[in-house]
Protein chains: 2
Amino acid sequence: MSTMARSATTAPRQRSLTLVTAPPTATVSAPVPVSTVRRRAAEESTVGGVKSVTSALDVLDCFLDAEELGVSDIARRLGVAKSTAHRLLTSLSARGLTDKNPETGHYRLGLHLFELGQLAGDRMRLRRTAIPLLEELRQLTGCTVHLGVADGSNIIYIERLEPLRGMPPMTAVSRRLPSHCTSSGKVITAFDPEAARARKEAGFPALTNCSIRTEADFDKARAEIRRRGVATNVGEAMLGFSSVAAPVLDSSGRARAAISLVGTTEQIAGNLGRSAQLVTVAARRLARSLGI
Amino acid sequence: MSTMARSATTAPRQRSLTLVTAPPTATVSAPVPVSTVRRRAAEESTVGGVKSVTSALDVLDCFLDAEELGVSDIARRLGVAKSTAHRLLTSLSARGLTDKNPETGHYRLGLHLFELGQLAGDRMRLRRTAIPLLEELRQLTGCTVHLGVADGSNIIYIERLEPLRGMPPMTAVSRRLPSHCTSSGKVITAFDPEAARARKEAGFPALTNCSIRTEADFDKARAEIRRRGVATNVGEAMLGFSSVAAPVLDSSGRARAAISLVGTTEQIAGNLGRSAQLVTVAARRLARSLGI
DNA sequence: CCCATGTGTCCCACTGAGCGGAACGATGCG
DNA sequence: CGCATCGTTCCGCTCAGTGGGACACATGGG
């Protein structure tokens, strides 16, 4: 099956210098949407797989970039005939993985997908065990609290608690970010060689002008993080926001996850010592609770 | 699509008298798992669809019942050859919709499914605007707070806030329940004829010995709910637990969602008036915020 | 006005992708 | 140790999924 191609549309596309300052609210389409953060190696031949199923999952991934898409949009993105895209969407919508807007004829992610995702989340032991600890952190700091894990070269926040009041919420910020641009990501790559390798392979696209841009800087940061036991991030993902993260280490010393506090740069800088202490303790308690 | 069929396998299968008292923690397998709550009309030929994609989605739905499944389990459930199930799982796992446990060779719902589900949730306007209101309700009552919508004959909780402390969490309770067994479901069916029709068609399996069992009782309850404007539920989904719900009505008077408070039967019974008042106000404010 | 270009949906003939069956090695239980 | 069952792999047949094209409808500019 298809060691083929990587079809035209996939080619260079790194380094869309998005320089995020305020989170874009995902308006509908734009000719060719580009994202600095790609999900795994995407179509790597997938031997032994079912092509039409893979296409259907490609359809779902289209909605990572855009909230609502038409049949033709999707056909173009996948490089398939309109009829094929239509058939795939019909199948997905019949099961609620996508929903069709009957007025526009456009599609979006569906209710049943949400339901399955919730179920997946409820079953993640790491996440379930962490939530009370994260809640405690939020009560103590008032900051946004994240629990992140590595997925290839990116980090995914599998839990996010919004600040209680006053502070700006992170709602609009993606749950998937390049690992070198976040404190969680940096602390995980510092304590997980595989995550670091994946990031190096994917390169170092910048999200702001504070982001790490070279492998040398990346490794220097990782070394310092290993010494200190925590990672910080000052405006590297979004200008004006900073964070501090501690690793959840297993018995072999590998990072399985990270707990981080996010706030405005003033918020974090003013309490760096205390924040670092808090996330470190929480991460240790989590590792112990998990018995890893 | 498909006024067709509803093929063989869909036939009787109602009324697994599960009589839930404590939530089962979804142990692995059991020869043929049965659930009182089926997702939509399932496999209704789905004309215009792609069979292998539909099968793949069937695979995902298998995990509604069981947390972890093997290739053979799934092949049996779908009624396909082991090799087919294996191929489907390979495709799903390549994209993170399922994850394989490398030691046991078994599969579970995957990280990317969770990610997509979160995205779907973040994009639901109803849910996003409701969350602050729900949080306020939780602070005022300490109860579990639900936001539910109808999906066929069932109701799905698209948001659940666990009680702040002390009170037993609902974590283990399904996010999908038959609408006649919950206050949210009852209030929605009272103010949405389509939801009521779907429930009647699906019958009235009992979750506890307090559950509504007949269409007559169902309609009587709906009439009273329309008079009072709120619905209650005393031990009808789980013994010892009660709830009260108010509808989120659009301008035509149809219920689009419901907000409910859940607690032990003593908790709810003791404050019924106040709880009813609180959910009603919250539901009205939500409808107004949504401009529906 | 009409024409050009977009959309979503439907139909159909061709063919290669996906199917089931069989065989394999590994694992675990009695 | 068998016996059973697991997950995985291979292979040849065939039907399911493909792309192209036709269609009705909507939009917008000259």
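Side-chain atoms are counted along with the backbone in the values below, which use heavy atoms only and exclude waters and symmetry mates. Numbers restart at 1 for each chain; the letters A, B, ... are given by sequence-line order, proteins then strands.
- If you check distances only, the side chain of A:Ser83 does reach the base of D:dG20 with a donor-acceptor pair under 3.5 Å.
- Of the side-chain N and O atoms in B:Tyr107, none sit less than 4.0 angstrom from OP1 or OP2 of D:dC6.
- Phosphate contact (OP1/OP2 of C:dG18, side-chain N/O of A:Ser52, threshold under 4.0 Å): present.
- Between the CG atom of B:Asn101 and the C1' atom of D:dT8 there is a distance of 16 Å, given to the nearest Å.
- A:Arg77 approaches A:Asp65 most closely through the heavy-atom pair NH1-OD2, 3.4 Å.
- Side-chain atoms of A:Ser52 and B:Ser52 include a donor-acceptor pair closer than 3.5 Å.
- Taking 4.0 angstrom as the limit, A:Ser72 places a side-chain polar atom (N or O) nearer than this to OP1 or OP2 of C:dT7.
- In this model, no donor atom of one side chain and acceptor atom of the other lie less than 3.5 Å apart for B:Asp151 and A:His112.
- Set against D:dT8, D:dG17, C:dG18, the side chain of B:Lys51 has D:dG17 as its closest nucleotide.
- An OP1 or OP2 oxygen of D:dG17 is reached within less than 4.0 angstrom by no side-chain nitrogen or oxygen of A:Arg87.
- In terms of phosphate contacts, A:His86 brings a side-chain nitrogen or oxygen within less than 4.0 Å of OP1 or OP2 of C:dT9.
- Of the candidate nucleotides C:dG8, C:dA23, D:dA16, C:dA23 has the atom nearest to the side chain of B:Lys82.
- Of the candidates C:dG18, D:dG17, D:dC6, D:dC6 carries the atom nearest the B:His106 side chain, counting heavy atoms from C-beta on.
- If you check D:dC6, D:dG7, C:dT9 against the side chain of B:Arg76, the one that comes closest is D:dC6.
- Between A:Lys100 atom NZ and C:dT7 atom P the separation is 16 Å, expressed in whole Å.
- For the pair A:Leu89 CG and C:dT7 P, the interatomic distance rounds to 14 Å; values are reported in whole Å.
- When the C1' atom of C:dT5 is taken as reference, atom CG of A:Asp73 falls 15 Å away, rounded to whole Å.
- Distance, A:Glu103 CD to C:dG8 C1': 15 Å, rounded to whole Å.
- Nearer the 5' end of DNA chain C, as judged by each residue's closest nucleotide, is the contact made by A:Gly105, out of A:Val53 and A:Gly105.
- Between A:Asp192 and A:Arg254, at least one side-chain nitrogen of the basic residue sits less than 4.0 Å from a carboxylate oxygen of the acidic one, meeting the salt-bridge criterion.
- In terms of modelled atom types and a separation under 3.5 Å, the side chain of A:Arg87 and the main chain of B:Val50 share no donor-acceptor contact.
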